[in-house]
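The chains referred to below are lettered A, B, ... by the order of the sequence lines, with proteins before strands, and numbering in each begins at 1. As the structure is a prediction and not an experimental result, all values here were calculated from the model.
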Number of protein chains: 2
Amino acid sequence: MQPSSRVTIRDVAAAAGVSVATVSKVINQRYGVSADTFARVQAVINELGYEASLVAQSLRNHRTNVIGILVADLEPFSTELLKGAGDAIRGTGFELVVYSAGGRTSDHVGWERRYLSRLSGTLVDGAVLVTPTVVDVQYGAPVVAVDPHTGPSDLPTIDSDNLRGARLATEHLLDLGHRRIALLGGRPDLQSAQLREQGYREALTAAGVPVDERLVQVGAYDPEVSVKPARELLSSPDRPTAVFAANDLSAIATIEVARELGLRVPQDLSIVGFDNIPESVLSTPPLTTVEQPIRTMGQHAIEILVQLIRGESPPRTHITLATRLVVRQSTRAL
Amino acid sequence: MQPSSRVTIRDVAAAAGVSVATVSKVINQRYGVSADTFARVQAVINELGYEASLVAQSLRNHRTNVIGILVADLEPFSTELLKGAGDAIRGTGFELVVYSAGGRTSDHVGWERRYLSRLSGTLVDGAVLVTPTVVDVQYGAPVVAVDPHTGPSDLPTIDSDNLRGARLATEHLLDLGHRRIALLGGRPDLQSAQLREQGYREALTAAGVPVDERLVQVGAYDPEVSVKPARELLSSPDRPTAVFAANDLSAIATIEVARELGLRVPQDLSIVGFDNIPESVLSTPPLTTVEQPIRTMGQHAIEILVQLIRGESPPRTHITLATRLVVRQSTRAL
DNA sequence: GTGAAAGCGCTAACAT
DNA sequence: ATGTTAGCGCTTTCAC
């Protein structure tokens, strides 16, 4: 930062022999500049490689044309969502910035709040919160939540039909003759995890299978967290014959644990995941899972957010996308 | 943005009955504030949920404690690198922001330049450029490149031993008895791609195997781009018995193309990738590949950048990390 | 110990 | 058509 500090609008103005206001007009294509001056200023801009400071512009304008996405961590789910968001942003005139909390779950809530507050109204025109832990966001800028926290919230929200998805997964295992079906649950603070558990319970109950609470464990959507409960589940004397894992990452972790314990999937153990992340096709065996249209969720989130920012009222502010079962090779009849 | 705009420092000052200067001192823990006032202001800050605007602070301070990472797209390589960067940033006092060009390769160069210029000196204290297309960056803020563009550049750089890695991969195939070995090359503008091609050629030549130029194709590190050349390669009458793909993503794409054409991997075709991204373990069959310590690369990039920002001189500004062959099941003796 | 005022880079009224 | 001026939210001398 010592040498040749940024080129500012003043440098350009001085070099072109005009006032800063004129340079500003040129940059923003405003009327009131002669073709002559315009060309001269433009030339200087190119020569000096000047670019307006995003920060200064933001401060002045209160409009940045930047949308922020806050994710807890960069894993397959959020990355996939990011791709969808990237797709949707193209052509809108907005740009995308990602803030990652980097998986430090400790000061999660604080991080989200803080960032939202520091950014909104200045650096970003609006934000998408992915698996947020906050529900009561009340800032100037519009916010859309994806796969939100439990509890009442009037944030615009995108999620998928978790309840039905979980039922489909459990019913699939029941149809295959399984009765001892374990649940490796998700992050308990998220609505999606609760609904997936609820769907699991409902499907079992509907089939007249009592829920064995020892078979209900928490994997927190995290492969590392999942290893321990998976190992306990699978090394128990009356181990389950099937596992419904609340997301693909923990399902894949469970496959690995099974292999390590000498259990073959699907011969000795059936496993169903949730999400249908790209990795699920590539696992060995390829994973039976519940598809969530993750990219589409990211797209919708951006679309709604953009409408909100533009002051339009989106037709719907709570979108629940359909889930469906994708049968691959990690499940088999008992 | 209509209701209850941001809480500003002025609101806090008014509510606490002090001047903005005093509030600023409280926020920044400066001396010259009585314990009394400090407590009162702090209370108001909490009550109002005030957070200083990052933008305004940046504009004023020229120090943001934010590091930017610019990636061309969010795919496994960059995502993995991001994780390493996230690891390294913890405890440094810096925060991480990711800017993604979103895969639009058209205005790549422009995008990088523009962003770098708009951000540096204001929004970020420094930046990491991942697979950048620019070489001659000359802004105020320090910049570190990962897997850089070809051509001379005095940017601090992190890469891995691409030449040796490619030789290892090719020699592995030669050792297995393969002679018709194709190369599915990377992004020709990147040094890494050129070195991987060079390693491939050198290994063949050293083994006395002439290079068949029809077997040298471009996959651009991109699975979608790779499909066409892979299909051509594999459906040719004198098709290769092995393919060295310049990254795992195109190697996996090649596996899929092979399957589609009825070729079994590794029985009918051996495939080696490069990178060792997490997905490579999960592919069917698991991929033989050259490991690049991607996360470590991200870590080093951040470490060097942080030193640069702090005005220290890093002991080394060009780090090349070792690569090694990881043999899995996508290769077999001819 | 506290506040007034200047200024970071930029834009938008409002002169001229 | 161009320049002057005020001010976005904040920090930092420098008076008081």
A:Val97 and B:Val98, any side-chain heavy atoms less than 4.5 Å apart: no
Any donor-acceptor N/O pair under 3.5 Å between C:dG7 base and B:Arg60 side chain: yes
Most 5' of B:Ala35 and A:Arg30 on DNA chain C, judged by nearest nucleotide: B:Ala35
Atom pair distance, as rounded to whole Å: OH in B:Tyr31 and C1' in C:dT2: 18 Å
Value in whole Å for how far the C1' atom of C:dT11 lies from CG of A:Leu54: 15 Å
Distance in angstrom units between A:Leu59 CG and C:dG7 C1', rounded: 12 Å
Flag for A:Tyr221-A:Thr131: side-chain donor and acceptor within less than 3.5 Å: no
Test item: B:Asp159 side-chain N/O and B:Asp147 main-chain N/O as donor-acceptor pair under 3.5 Å: no
Separation of C:dT11 P from A:Asn65 CG (nearest whole Å): 13 Å
Shortest side-chain distance from A:Lys25, nucleotide among D:dC10, D:dT2, C:dC8: D:dT2
Nearest-Å distance for atom pair CG/P, residues A:Asn28 and C:dG9: 17 Å
Nucleotide nearest A:Ser53 (side chain, heavy atoms from C-beta), chosen from C:dG9, D:dG3, C:dT2: C:dG9
Which nucleotide in D:dT2, C:dC8, C:dT11 has an atom nearest any side-chain atom of A:Thr37: D:dT2
Below 4.0 Å: OP1/OP2 of D:dA1 and any side-chain N or O of A:Ser34: no
Protein-nucleotide distance (A:Glu51, atom CD; C:dC10, atom P), rounded to Å: 11 Å
Whole-Å gap separating P (C:dT11) and CD (A:Gln29): 12 Å
Contact check, side chains of B:Ser24 and B:Ile9, non-hydrogen atoms, under 4.5 Å: yes
Sugar-phosphate only, base, or nothing, as touched by B:Phe38 at under 4.0 Å among non-hydrogen atoms: nothing
Given DNA chain D, 5'-ward residue of the pair A:Val20 and A:Val33, judged by closest heavy atom: A:Val33
Nearest to side-chain heavy atoms of A:Asn61, which nucleotide of C:dC10, C:dG3, C:dA12: C:dA12
Listed nucleotide nearest any side-chain atom of B:Thr8, set D:dT11, D:dG9, C:dG3: D:dG9
Donor-acceptor pair between B:Gln299 and B:Thr296 side chains, under 3.5 angstrom: no
Sugar-phosphate, base or nothing in reach of A:Val23, heavy atoms under 4.0 Å: nothing
Touch class at under 4.0 angstrom, heavy-atom based, for A:Ala21 against every strand present: base
Sugar-phosphate, base or nothing in reach of B:Tyr50, heavy atoms under 4.0 Å: sugar-phosphate
Side-chain donor or acceptor of B:Glu312 paired with backbone N/O of B:Pro314 under 3.5 Å: no
d(CZ, A:Arg10; P, D:dT4) in whole Å: 13 Å
OP1 or OP2 of D:dG9 under 4.0 Å from side-chain N/O of B:Gln57: no
Touch class at under 4.0 angstrom, heavy-atom based, for B:Ser24 against every strand present: base
